Amino acid sequence: MTLNLSSLTDQEDLTRKISPSSLSQDSGKYHLFRCLFFLCCSSQFLGNIANAVATTALQLHLASNKQLNSFIPDHLTVIAPNASSQPGASALDFLRDLVLSAEKAATSLACSSILLGQTSESDYLGDLAIFLGSGDFGEGHEEDVIKTLGLQTYTQHNITPISLETSDKLPLSVSSNPNSSEIQPFVDKIKCLEGRYCFRLSKHGSEGSVVTYFLVGKINDAWVALCGMGTWSDE
């Protein structure tokens, strides 16, 4: 990876979105933060996508009671803790291309996450790839996805299934813009996911709700997910 350490703009933007004190007592969080810093300084991924993906990865990590520090910057992917298998090169390439196509589609619709569309009030959180591995992560096993990521603070009442529109089972933000050439690469990618489904987690806070979307599917006998986060004033 080629680094441009003289460009600190992305790192400064990222640190404004998190509390540095939350990293100082946890070596795992600090390790991830360093990885995200290198991602933001990488000449290959400089730009808004670096900030958005890095910030989502860190927010997910801070919400988890597990060490989500298996982050692969070059492929914009988090490996779930205790994954039963590790992704091969082809799977990692697919996940990287999935994230890049999601970012391109979201930008074309003037939003930061293609999964949330224009419903989110935040513009600094993008879509992130997650490798879950083999296991019972199909539709109906949303809680297993949550548990493997260490997000047990979300109870069952916070899980909301999200309908995928049309016979192609696409997110609403995508299916309502079928003729966009900027969206088609993302459509082609998610059509490769078998058994895909979507659900949302929500957590209320003093400044509104944090919502996390997961588009889950299977490729090459392993479960993967595209994760998008955002904020709502109220539900």
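Here the structure is a predicted model, which means the values were calculated and not measured.
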Student: Taking the side chain as everything from C-beta on, heavy atoms only, tell me whether R96 gets closer than 4.5 Å to D93.
Tutor: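 The answer is yes; the side chains approach within 4.5 Å.
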
Student: Mark yes or no for whether E143, through its side chain, and H141, through its backbone, hold a donor-acceptor pair below 3.5 Å.
Tutor: no

Student: Restricting to non-hydrogen atoms, name the atom on P87 and the atom on I79 that form the minimum distance, rounded to 0.1 Å.
Tutor: CG-CD1, 3.5 Å

Student: Is the closest side-chain heavy-atom distance between F94 and K189 below 4.5 Å?
Tutor: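 Of all side-chain heavy-atom pairs linking K189 with F94, at least one is under 4.5 Å.
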
Student: Are K191 and D188 ion-paired here, with the side-chain N under 4.0 Å from a carboxylate O?
Tutor: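 Between D188 and K191 there is no salt bridge, as every charged N stays at least 4.0 Å from the carboxylate O atoms.
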
Student: Looking at side-chain heavy atoms only, is the closest gap between E194 and I219 below 4.5 Å?
Tutor: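 Heavy-atom side-chain distance check fails, nothing below 4.5 Å.
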
Student: For L201, is there any backbone N or O sitting under 3.5 Å from a side-chain donor or acceptor partner on N158?
Tutor: no

Student: Does any N or O in the side chain of S101 come within less than 3.5 Å of the main-chain N or O of D97, such that one atom is a donor and the other an acceptor?
Tutor: yes

Student: Quick one, L128 and L226 - any side-chain contact, counting heavy atoms below 4.5 Å?
Tutor: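 Side chain of L128 against side chain of L226, heavy atoms only: no contact under 4.5 Å found.
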
Student: Could you tell me whether the side chain of S113 and the main chain of D127 form a donor-acceptor pair under 3.5 Å?
Tutor: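 No; zero donor-acceptor contacts below 3.5 Å.
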
Student: Report yes if the side chains of Q184 and V187 come closer than 4.5 Å at any heavy-atom pair, otherwise no.
Tutor: yes

Student: Say whether, by atom type as modelled, one donor and one acceptor occur between the side chain of T77 and the main chain of H75 under 3.5 angstrom.
Tutor: yes

Student: Stepwise, does the side chain to side chain contact (heavy atoms under 4.5 Å, CB included) test hold for S90 with N220?
Tutor: CA-CA 9 Å; S90 61; N220 297 336; 4.0 Å; yes

Student: Treating T107 as the side-chain partner and E103 as the backbone partner, does any N or O pair qualify as donor plus acceptor under 3.5 Å?
Tutor: yes

Student: Begin from the C-alpha positions of T212 and F214 and carry the test side chain to side chain contact (heavy atoms under 4.5 Å, CB included) through to its verdict.
Tutor: CA-CA 7 Å; T212 309; F214 293 92; 3.6 Å; yes

Student: Under a 4.5 Å cut-off applied to non-hydrogen side-chain atoms, are L149 and I130 in contact?
Tutor: yes

Student: Heavy atoms only: give me the nearest T56-C227 pair and the separation to one decimal.
Tutor: CG2-O, 4.3 Å

Student: If we only count heavy atoms from C-beta on, is the L164 to L215 side-chain gap below 4.5 Å?
Tutor: yes

Student: What closest approach, in Å, do I183 and S108 show between heavy atoms, and which atom pair accounts for it?
Tutor: CG1-OG, 3.9 Å

Student: Does F131 reach the side chain of V78, with side-chain heavy atoms less than 4.5 Å apart?
Tutor: no

Student: Any donor-acceptor pair under 3.5 Å linking the side chain of R196 with the backbone of I190?
Tutor: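 Yes.
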
Student: Give me the atom names and distance for the closest heavy-atom approach of G228 to L115.
Tutor: N-CD1, 3.8 Å

Student: Please name the pair of heavy atoms, one in S112 and one in L125, separated by the smallest distance, quoted to 0.1 Å.
Tutor: OG-O, 2.9 Å

Student: Could you verify whether a donor N or O on one side chain and an acceptor N or O on the other, from S84 and S134, lie under 3.5 Å apart?
Tutor: yes

Student: One pair to check against side chain to side chain contact (heavy atoms under 4.5 Å, CB included): L76 and L98. What are the steps and the verdict?
Tutor: CA-CA 9 Å; L76 308 170; L98 177 65; over 6 Å; no

Student: Using side chain to side chain contact (heavy atoms under 4.5 Å, CB included), reason through L95 and V224 one step at a time and then give a plain yes or no.
Tutor: CA-CA 8 Å; L95 291 172; V224 300; 3.8 Å; yes

Student: Could you tell me how the ring of W223 sits relative to the ring of Y197: parallel (under 30°), tilted (30 to 60°) or perpendicular (over 60°)?
Tutor: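 Because their plane-to-plane angle is over 60°, the rings of W223 and Y197 count as perpendicular.
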
Student: Considering non-hydrogen atoms only, spot the tightest contact between L132 and F137 and give its length.
Tutor: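 So the two residues come closest at O-CE1, 3.8 Å.
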
